[in-house]
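Before any comments, here is the structure.
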Amino acid sequence: MGSTRSRYALILAAGKGTRFKSEKPKVLHEICGKPMICYLLDRLPELQVEKAIIVVGQGAEEVQNALQGYPVEFVRQEQQLGTGHAVMSAVPALNGLDGNLIVLYGDTPLIQTSALEELFVKQETTGADEVLLTVQLDNPTGYGRILRDSAGQIFDIIEEKETTEEQRRILEVNAGFVCFGIKALVGTISQLSNENVAGEYYLTDMVKVLRRNGRRVETVQVEAADEEIFGINDRRQLAAAAVKLRSRINTRWMEEGVTLIDPNSTVIDSTVEIGPDTMIHPGAIIEGKTKIGKDCRIGAYVHLANAQLADGATVDSFSVIRNSRVQSGAVVGPFAHLRGETEVGASVRIGSFVELKKTVVGSQSIAAHLSYLGDATIGEGVNVGAGAITCNFDGAKKHDTIIEDGAFIGSDSQLVAPVRVGKNAVVAAGSTVTEDVPEEALAIARSRQTNKAGWTKKG
Ligand code: UD1
Ligand code: CA
């Protein structure tokens with residue numbers, strides 16, 4: 001492969017995103033759990049791009065921080081004077097490079113690799129100086145329109161703001177994905193002018209500029225691209241893009257063998273992994289780095305965020321699991337809440353209205369109803385009765401509770417931490433345990449019942 005076939009990418013992300021009315025730069029707004037610009041960056045390795053450059057301006061530092069770890073270079077566009085001006089800002093970084101440059105707008109995350117590959121290939125095989133992706137839309141509102149001569153050759157792109165009424169009826173639009181020969185681009189981009197309604201340097205005017213310089217401009221039309229090219233300029237479009245992306249994510253998981261009872265109401269981030277034969281009920285929200293094994297059952301309206309479920313785990317309806325792990329065969333919920341790096345062991349049962357915080361529960365143990373267990377280490381085969389809780393906080397500090405294998409914690413007892421309940425020990429119902437309970441012992445820590453005979457007759 002000669003150097004002229006080298007591929008580079010430039011992503012424009014300096015704009016204000018005015019229509020978002022946000023403190024946060026537009027390209028960092030998330031769709032399905034990932035900042036929108038990251039969808040583009042994640043396509044680049046498949047395209048074998050040698051270098052990616054991002055043009056930043058508004059909120060530059062925030063964007064740079066958010067993209068730490070991506071192999072990209074940043075250039076600054078101090079003032080946002082248009083998409084053409086954004087590319088001009090990158091010229092110093094492009095000087096001396098030979099090959100082709102794909103220019104992407106940071107607000108178009110739905111594009112798939114194949115469309116971008118087609119752009120590069122057309123550029124590489126025809127030797128054109130610019131190749132644009134165009135698409136026919138039923139409703140072209142907001143996009144730049146493609147102007148062609150009688151021979152069908154593109155000669156200009158007209159931004160919507162600049163269109164005549166007749167031009168507004170043109171259905172072929174500039175999708176916003178374009179490839180340039182770097183030398184041709186760098187050699188002519190200074191000829192862009194800002195004499196237009198917006199007073200901006202439009203990148204779209206490069207069609208005119210290159211043709212004036214005797215250079216070749218080509219277009220590719222990509223099938224079914226109308227969804228892929230969707231640009232996000234406001235929060236309505238952000239929501240609409242998320243709907244499209246969610247449908248793509250859900251379709252993929254169904255193809256991988258996951259049952260979604262109602263894909264339309266199931267929200268799965270793009271960062272989630274799910275094993276086959278898992279069944280997910282309506283209304284589930286599955287976020288972040290959640291990893292669900294094979295054969296799991298996720299009930300209705302379950303919320304998982306950075307949760308890890310081993311094969312065959314069940315999370316019943318209306319449960320919330322954050323930053324926690326559930327081993328195989330365990331059943332959690334309905335109405336359970338796990339958080340703070342909780343670990344639920346194999347075949348454990350955590351029932352309704354049980355909250356676990358930073359707690360390890362050994363295999364086969366049960367906390368079936370109405371418990372708070374925080375900062376606790378619970379062994380295997382333990383039974384925590386209804387309403388039993390750890391008192392882990394003394395008002396200033398958190399303290400640990402240890403419950404060893406086989407222990408039985410009677411209903412409605414309070415374990416005042418720090419405290420340890422030994423192996424196979426029994427805590428009587430209603431006890432307030434403030435001292436360690438030795439192995440095999442019975443702890444009763446409540447006042448003895450007195451029955452006063454004839455009480456009701458007295459008064
Ligand atoms: C642009 C195209 C339009 C196309 C549409 C496709 C131009 C002039 N118009 O319009 O033909 O149909 O995309 O979605 O190119 N940006 C900068 N610096 C600037 C201005 C913008 O970095 O000075 C960045 C923005 O952050 C954004 C991208 O460029 O990510 C596109 O800018 P935007 O204002 O959204 O362009 P559109 O009006 O959508
Ligand atoms: Ca846009």
Side-chain angles (χ1 to χ4, degrees), residues 9-20 22 24-29 31 35-41 53-60 62-64 74-90 102-111 115 130 132-137 139-147 154 156-163 167-168 170-178 180 189 192-209 219 222 225-238 240-241:
L10 183 67
I11 300 177
L12 309 190
K16 296 194 232 343
T18 318
R19 288 165 276 181
F20 258 71
S22 175
K24 187 155 69 170
K26 175 166 86 171
V27 295
L28 294 186
H29 280 264
I31 305 180
M36 63 171 96
I37 191 171
C38 293
Y39 288 92
L40 292 173
L41 296 176
I53 303 166
I54 304 183
V55 183
V56 289
Q58 297 285 331
E62 225 182 311
V63 176
Q64 281 177 242
F74 295 94
V75 300
R76 289 277 179 125
Q77 184 196 19
E78 296 302 343
Q79 267 186 298
Q80 285 68 58
L81 304 177
T83 50
H85 183 262
V87 177
M88 283 177 193
S89 317
I102 199 164
V103 179
L104 307 171
Y105 295 159
D107 64 353
T108 51
L110 297 180
I111 195 77
E130 177 178 4
L132 293 147
L133 187 67
T134 76
V135 67
Q136 299 276 345
L137 294 182
N139 176 8
T141 311
Y143 289 93
R145 308 295 205 281
I146 304 296
L147 303 186
I154 181 170
D156 201 1
I157 300 171
I158 186 104
E159 285 307 297
E160 176 146 297
K161 295 186 190 89
E162 323 275 341
T163 46
Q167 286 167 333
R168 229 166 293 150
I170 297 172
L171 298 179
E172 187 184 14
V173 303
N174 170 32
F177 300 89
V178 54
F180 291 100
I189 193 166
L192 280 180
S193 109
N194 64 350
E195 282 163 24
N196 51 50
V197 177
E200 286 187 2
Y201 296 91
Y202 292 151
L203 184 63
T204 42
D205 285 346
M206 281 305 295
V207 174
K208 263 189 306 213
V209 168
T219 57
V222 173
D226 47 342
E227 181 187 301
E228 292 187 30
I229 63 146
F230 192 71
I232 301 174
N233 300 308
D234 58 33
R235 297 195 198 229
R236 278 171 57 206
Q237 289 171 329
L238 183 73

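Both counts, for ligands and for their atoms, begin at 1 and track the order of listing.
When every heavy atom of Ala241 is checked against every heavy atom of Ile31, the shortest pair comes out as CB-CD1, 4.1 Å. Nearest heavy atom pair, residue His29 against residue Leu238, reads CB-CD1, 4.3 Å. Shortest non-hydrogen contact noted between Asp205 and Ser193 is OD2-O, 4.2 Å.
Formation of a donor-acceptor pair under 3.5 Å by the Asn196 side chain with backbone atoms of Glu200 is found in this model. When atom types are taken as modelled, the side chain of Glu162 and the backbone of Val197 share a donor-acceptor pair closer than 3.5 angstrom.
Here 2 is the count of protein N, O or S atoms positioned under 3.0 Å from the Ca ion (ligand 2), waters not counted.
Taking 4.0 Å as the cut-off between side-chain N and carboxylate O, Glu160 and Arg168 do not count as a salt-bridged pair.
When the side chain to side chain donor-acceptor pair (under 3.5 Å) test is applied to Asn233, the partners found at least two apart in sequence or on another chain are Lys26. Scanning for side chain to side chain donor-acceptor pair (under 3.5 Å) contacts around Thr108 gives an empty result, with sequence neighbours left out.
Counting heavy atoms from C-beta on, the side chains of Ile102 and Val178 never come closer than 4.5 Å.
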Enumerate, one pair per line, all nitrogen or oxygen atoms of ligand 1 lying under 3.5 Å from a protein nitrogen or oxygen, stating the separation to 0.1 Å; write 'none' if no such pair exists.
residue, atom, partner, partner atom, Å
ligand 1, 9 (N), Glu159, OE1, 2.9
ligand 1, 9 (N), Glu159, OE2, 3.2
ligand 1, 11 (O), Gly144, N, 3.4
ligand 1, 11 (O), Glu159, OE1, 3.4
ligand 1, 11 (O), Glu159, OE2, 2.6
ligand 1, 11 (O), Asn174, ND2, 2.9
ligand 1, 12 (O), Gly144, N, 2.9
ligand 1, 12 (O), Asn174, O, 2.7
ligand 1, 15 (O), Thr83, OG1, 2.7
ligand 1, 15 (O), Tyr105, OH, 2.6
ligand 1, 18 (N), Gln77, OE1, 2.7
ligand 1, 22 (O), Ala14, N, 2.9
ligand 1, 23 (O), Gln77, OE1, 3.4
ligand 1, 23 (O), Gln77, NE2, 3.0
ligand 1, 23 (O), Leu81, N, 3.4
ligand 1, 23 (O), Gly82, N, 2.8
ligand 1, 23 (O), Gly82, O, 3.1
ligand 1, 26 (O), Gly15, N, 2.9
ligand 1, 30 (O), Leu12, O, 3.1
ligand 1, 30 (O), Gly106, N, 3.4
ligand 1, 35 (O), Asp107, OD2, 3.1
ligand 1, 35 (O), Asn233, OD1, 3.3

